[in-house]
**Student:** 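One structure, pasted below without further comment.
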Amino acid sequence: MAAALLEMRPFCRQRGFILFISDFLEQEEAIFAQLAAFRAQGHDVFALQVLDPVEVSLPEGGDYDFMEPETGGHLRTAAEPIRTAYARRVAEWREGLRRLAGAQDVRWYSTTTSQSLVATLRGWLG
């Protein structure tokens with residue numbers, strides 16, 4: 001995505017409105033660097049993170065097989081022993097992204113697919 005943003009910048013010469021929607025699960029710093037470059041060109045830049053609710057908070061029970069997408073490694077575990085630590089780490093990660101966006105003067109909002117995208121955008125942008 002960072003490369004695509006870099007390629008798009010020359011086509012966005014007039015001041016405009018950029019809305020970038022992503023899960024921000026990879027290349028966060030590179031993406032924010034490109035969004036900051038759009039801000040430097042004078043654009044209003046909005047970053048919207050959309051996650052599955054299970055990515056934010058594990059269910060209260062059940063056994064899961066987690067796969068690391070980059071290495072292909074697996075972790076089989078029950079949700080209960082890791083649920084609290086997982087939620088804390090995800091909250092810290094999301095807060096870090098919020099701070100990174102703020103440092104780049106990018107407007108930030110994070111939501112889940114359980115929320116209506118139209119209602120989210122209307123409330124956030126209105």
Side-chain angles (χ1 to χ4, degrees):
M1 292 308 306
L5 288 168
L6 176 62
E7 288 179 25
M8 287 178 22
R9 251 192 11 248
F11 299 105
C12 300
R13 293 186 192 133
Q14 292 182 335
R15 187 177 186 278
F17 177 89
I18 309 286
L19 173 60
F20 186 77
I21 301 173
S22 173
D23 56 15
F24 289 89
L25 291 173
E26 57 185 35
Q27 298 184 333
E28 303 106 340
E29 291 184 11
I31 289 170
F32 275 109
Q34 293 305 317
L35 294 176
F38 279 104
R39 278 294 301 136
Q41 287 180 303
H43 299 286
D44 287 326
V45 180
F46 295 79
L48 175 61
Q49 180 185 49
V50 181
L51 299 170
D52 186 283
V54 175
E55 292 174 316
V56 174
S57 177
L58 295 176
E60 291 187 21
D63 295 333
Y64 293 88
D65 184 14
F66 296 97
M67 184 188 82
E68 166 58 47
E70 293 183 12
T71 66
H74 287 267
L75 170 66
R76 292 187 59 89
T77 186
E80 294 89 357
I82 64 169
R83 188 171 194 271
T84 301
Y86 178 86
R88 184 178 62 249
R89 291 288 309 262
V90 169
E92 290 168 356
W93 168 66
R94 291 170 84 188
E95 175 60 21
L97 290 173
R98 187 194 64 75
R99 283 194 308 267
L100 184 57
Q104 303 292 352
D105 199 23
V106 170
R107 297 184 206 187
W108 172 259
Y109 191 78
S110 182
T111 190
T112 67
T113 56
S114 64
Q115 304 297 314
S116 162
L117 183 58
V118 171
T120 296
L121 289 173
R122 186 177 294 129
W124 182 43
L125 300 174

**Student:** Are Leu121 and Leu19 packed together at the side-chain level, in the sense that at least one heavy-atom pair is separated by less than 4.5 angstrom?
**Tutor:** yes

**Student:** For His74 and Asp65, which heavy atoms make the closest approach, and how far apart are they?
**Tutor:** ND1-OD1, 3.1 Å

**Student:** Flag the pair Val90 / Glu55 as yes when at least one side-chain heavy-atom distance between them is below 4.5 Å, and no otherwise.
**Tutor:** no

**Student:** Under 4.5 Å between side-chain heavy atoms, hopping through other hydrophobics if needed: is there a path connecting Leu25 to Tyr86?
**Tutor:** yes

**Student:** Compare every heavy atom of Phe20 with every heavy atom of Met1, then report the nearest pair and how far apart it is.
**Tutor:** CE-CE1, 3.7 Å

**Student:** Would Phe17 and Leu117 show up in the same hydrophobic cluster when neighbours are defined by side-chain heavy atoms closer than 4.5 Å?
**Tutor:** yes

**Student:** Quick one: CZ on Arg94 to OG1 on Thr111, what's the gap to the nearest 0.5 Å?
**Tutor:** 7.5 Å

**Student:** Can you confirm whether Gln104 sits close enough to Arg39 that some side-chain heavy atom of one is under 4.5 Å from a side-chain heavy atom of the other?
**Tutor:** no

**Student:** Taking atom CG of Leu97 and atom CD of Glu92, what is their separation to the nearest 0.5 Å?
**Tutor:** 12.0 Å

**Student:** Let me confirm one number: the CG-CG distance from Leu100 to Leu35, rounded to the nearest 0.5 Å.
**Tutor:** 9.5 Å

**Student:** In Å, rounded to the nearest 0.5 Å, how long is the span from CD of Gln34 to CD of Glu29?
**Tutor:** 13.0 Å

**Student:** Can you tell me how far CG of Leu5 sits from CD1 of Ile31, rounded to the nearest 0.5 angstrom?
**Tutor:** 7.0 Å

**Student:** So, do Phe46 and Tyr109 have ring centers that fall under 6.0 Å from each other?
**Tutor:** no

**Student:** Any idea which heavy atoms bring His43 and Gly16 closest together, and the distance?
**Tutor:** ND1-N, 2.9 Å

**Student:** Could you please spell out the steps behind the side-chain contact (heavy atoms from CB on, under 4.5 Å) verdict for Trp108 and Arg99?
**Tutor:** CA-CA 9 Å; Trp108 172 259; Arg99 283 194 308 267; over 6 Å; no

**Student:** In Å, rounded to the nearest 0.5 Å, how long is the span from CG of Asp52 to OG of Ser114?
**Tutor:** 8.5 Å

**Student:** Anything under 30° is parallel, anything over 60° is perpendicular, the rest tilted; go ahead and classify Phe24 against Phe32.
**Tutor:** parallel

**Student:** So which atom in Ser57 and which in Arg83 form the shortest heavy-atom distance, rounded to 0.1 Å?
**Tutor:** OG-NH2, 3.4 Å

